[in-house]
Every structure is written in structure tokens, then in C-alpha cells.
Protein chains: 2
Amino acid sequence: MTKHKDNQTEEKILIAAQQVFQAKGMDGARMQEIADEASINKAMLHYYYRSKQLLFEAVFNKAFALLAPQLNAILNDDSPLEQKIRSFTHNYISFMMKYPYLPGFIIQELHRNPKFVENIKSNVAFPNISKFKIQVEEEIEIGTIVPVNAEQLFINILSLNVFPFVASPLIKAFTNVDDKVYKAMLEDRKTAVSDFIINAIKK
Amino acid sequence: MTKHKDNQTEEKILIAAQQVFQAKGMDGARMQEIADEASINKAMLHYYYRSKQLLFEAVFNKAFALLAPQLNAILNDDSPLEQKIRSFTHNYISFMMKYPYLPGFIIQELHRNPKFVENIKSNVAFPNISKFKIQVEEEIEIGTIVPVNAEQLFINILSLNVFPFVASPLIKAFTNVDDKVYKAMLEDRKTAVSDFIINAIKK
DNA sequence: ACGTTTGTTAACCAATTGGTTAAACTATTT
DNA sequence: AAATAGTTTAACCAATTGGTTAACAAACGT
């Protein structure tokens, strides 16, 4: 028997907290609203997670743990660059369409509390660019791609894939498209972004 | 004589509010902190701006009014596409290095309160993509660029330019660079991003 | 069966927060 | 200079919020 008889309630809380924190952020979220969302008494939140801060961290870490492996796919994988870019773009967009709130949530809270950066850096699976950098330099050497700075290329790949999810309300407004059309556009980006990147760097 | 003897205080408040709202967001900002930042009594905030909500909207609208003309540069200008992309990228990055908080603030608050989208859409200078779309299709027709969807291209240009400012804490962590080096990288992007985009679409 | 641990609830609490008020102060008008 | 209008302040207030408590219920070990 574990410390807690069952984790039904604990799990319900985490899901509800995720929901509320992702929509309103740490400052905008209310403990009562999380309790309502989970259909439990507010005291239970503290019983299982001690404080709002700790509950938030549990949600944040879970979210980051979900995102990190996606990024490692392009940083630590061994396949050739072009193939990696195509599969990463495809997978990442598919993934994000399931969790569209994720990147915005992480970026917002990282900006709000810079301490979290140190926190996640100590994460075992924290994405690191060094391997990617070596690969890019090799491909430049053998002449499959034009000379580019690996960090800049990484930022470009990330930007093209992540930004449309982070800034969706703004982009929707600019391009004058509704939710449904925007989704279709994101779907198109699975190949459009790959082509765009490959075109930009291929010799 | 206007209603207010002078607007020194009113202006001080707006600057202080901008500072605090941009750093902490609507929910995280405290009226007392804004008053302290402006070195005035808290009651003055209400005397000049009625409520937190109205003060926030004043700050938000001012911020958006600063950003919108930058985007119109690429959407409504008449010069050839390639030249526009180069000048836009250069100008936008220069501009954002002066106001690095701006895009994140706008995106965050637009996400928090979707009503603001309608609000800014009625703005006289609200960026619109239609002219840009025509231009892209013309350049495809005459064969200077490869066939691309104008909306997707616009999203790409925006992503590559804006994301590095929105997600700077995250990117700094991934690429393991400090503030100074990151600034230098952003400086490099003025040409690197232009080249990247042009390469991607030029025939 | 019975005491003990774990889970759950309603009521409560202290601190914070946006906002108000009434009085004081300052400048302008006449 | 007296009346008036605009500006600023300290003190106050009601509502909200994160968190606590004490009593109660359910499950478990013995």
C-alpha cells in the first residue's frame, strides 16, 4: 500500500490544475477554480500538494517533461539532417495540435519566473544543442548544406514550428482566418515548413 | 486649459504601469507596485485611469500602437518582395531589441483575454494581409519566387523574427548562451534571417 | 470489533488587493 | 484675497484569496 490509498483524487487535481493554470497562468489561476474543476473540496488541493506554488510546479514539470523529448528528437537523434528536419517538423506539429497550450504556457511562466530556467536545466532530459551543432558542421563540411550557424538554424527550426502555436490568436487576426481554417493551415505546415527549411539550407 | 493641469503625473503613471504590466502581466501586476514605481500615491492611479482594467488597456493599446506600424511595413509597402523582407527583418529586429518585452506581452494578454482581439481589430492601423497576398502571387506568376502560400510565408517571416524575442529565456537555456552572446546572435539575425527566407523562396 | 491511519468536508482566518473617501493642499479665476 | 476647481494624500473598506483547522468518514491492520 502506498502512502495514498489511491491516487484518483491526486490525479484529478493535477488534470484540473493543468487545465486552469494553462488557461490563466500562475497569477490568474484560483485555487477554488481548480477545486471546482476537479469537483472536490479546496482543502484537498493543500492536502495533496501543500501550496499553490507546489501544485503549479507539479503542473509545470509535467508539461515540460512532455515537451522535452520532442525537442530531443531533433537534437540528439542520429539520422541525417534533412530527414530529421522533416520528421521533427511533422511530429512536432502533430504533437502540438494535441497540446496547443503547452509552448505558450512554458514560455510565459519561464519569462515570469527566471528561476524556473535553472530548475529545468537540472532536468535529466534537458535538451542540449551540442550534438546537433556537430552534425550541422559535418554536413557543411561534406557540402550537403550551405554554411549556416548551427544555433541560428536551431532557432529558425524552433521558431517556424513553435511560434504558430504560441501566437495563434494574433496570427488568426492578421490572416483573417477562423479556427477551422487555421487548423488546416497548421496541418499544411507539416510539409510546408520542412520544404521551406530544406530549401533555405540545401546546396 | 485642459481638464488636467498638466499630464506629468498621468505620463509617469503610464510609464510605470507599462513597466510593471510588461514584467508581470495583468494578473500579476499590483496597483501598489505601479504607484511605487511612479513614486506617487495609489489613489492617483484611480484618479487618472479609474480602474486597473482601464489602466491596463491604456498600456496595452499603446504597446500595440507601437507594434502595428512595424508589421504594416511588410504588409502594405510597395517595394519588391525580396527588398521588403530584407528591410523588414532588419528594422523589426532593431526595433525589438529596443522593446524586447513587447511581443511577449501582447501575445500573452491576447491569449488571456480573447476579447482584446476584437478590440485591436477595430484599430485603424490594424495590419491586414490582403495586399501582401496579391504581391506574393504576382511574384510567383512572373517567376521570381517558387510557389508558396502567402499566408504561410507571412507566418514564416513573423515566426523567424518574433519568436526569438518571445522565447528568449527558453532559447538561451537550450543554446547555453548568456545575455551578451544572445544579443550578438540577434544582431546576426538581421542578415541571417533575411538570407534564410530569400534562399527558401527564391527560384 | 476496535483503534489507527488516511481521506474529505465545511467553516474559518489572516493577509492582500482594488477601490473609495474625506480632508488637505495647490493653483487658477474673479 | 476669496472662491473655485484640480491635485494629492492617508486612512479606510469590502471582497477575494491562499491556507488552516477541527470534526467526521472510510479503510485498514490487528
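First the proteins, then the strands, lettered A, B, ... as listed; each starts at 1.
The distance from atom CG of Leu45(A) to atom P of dT8(C) is 12 Å, rounded to the nearest whole Å. Between the P atom of dA10(C) and the CG atom of Asp36(A) lies a distance of 12 Å, rounded to the nearest Å. Spacing between atom OH of Tyr49(A) and atom P of dT20(D) amounts to 17 Å, rounded to whole angstrom units.
Counting only distance, with no hydrogens or angles, the side chain of Ser159(A) and the backbone of Phe163(B) share no donor-acceptor pair below 3.5 Å.
The aromatic rings of Phe154(A) and Phe174(B) lie perpendicular to each other, with more than 60° between the two planes, well past the 30° mark. Using cut-offs of 30° and 60° for the angle between ring planes, the Tyr92(A) and Phe165(A) rings count as perpendicular.
Salt bridge present: Lys172(A) and Asp179(A) bring a charged side-chain N and a carboxylate O closer than 4.0 Å. With respect to the salt-bridge test (charged N to carboxylate O, under 4.0 angstrom), the residues Lys12(A) and Glu37(A) do not qualify.
Side-chain nitrogen and oxygen atoms of Tyr47(A) include none within less than 4.0 Å of the OP1 or OP2 phosphate oxygen of dT9(C).
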Legend entry - Reading 5' to 3' through nucleotides 9-19 of chain D, protein heavy-atom contacts under 4.0 Å coded B for base, S for sugar-phosphate only, - for none: BB------SBB
Inset, instruction - Carefully, step by step, assess Lys190(B) and Thr89(B) under the rule side-chain hydrogen bond (donor to acceptor under 3.5 Å, both in side chains). - result: CA-CA 6 Å; Lys190(B) 288 182 185 174; Thr89(B) 298; over 6 Å; no
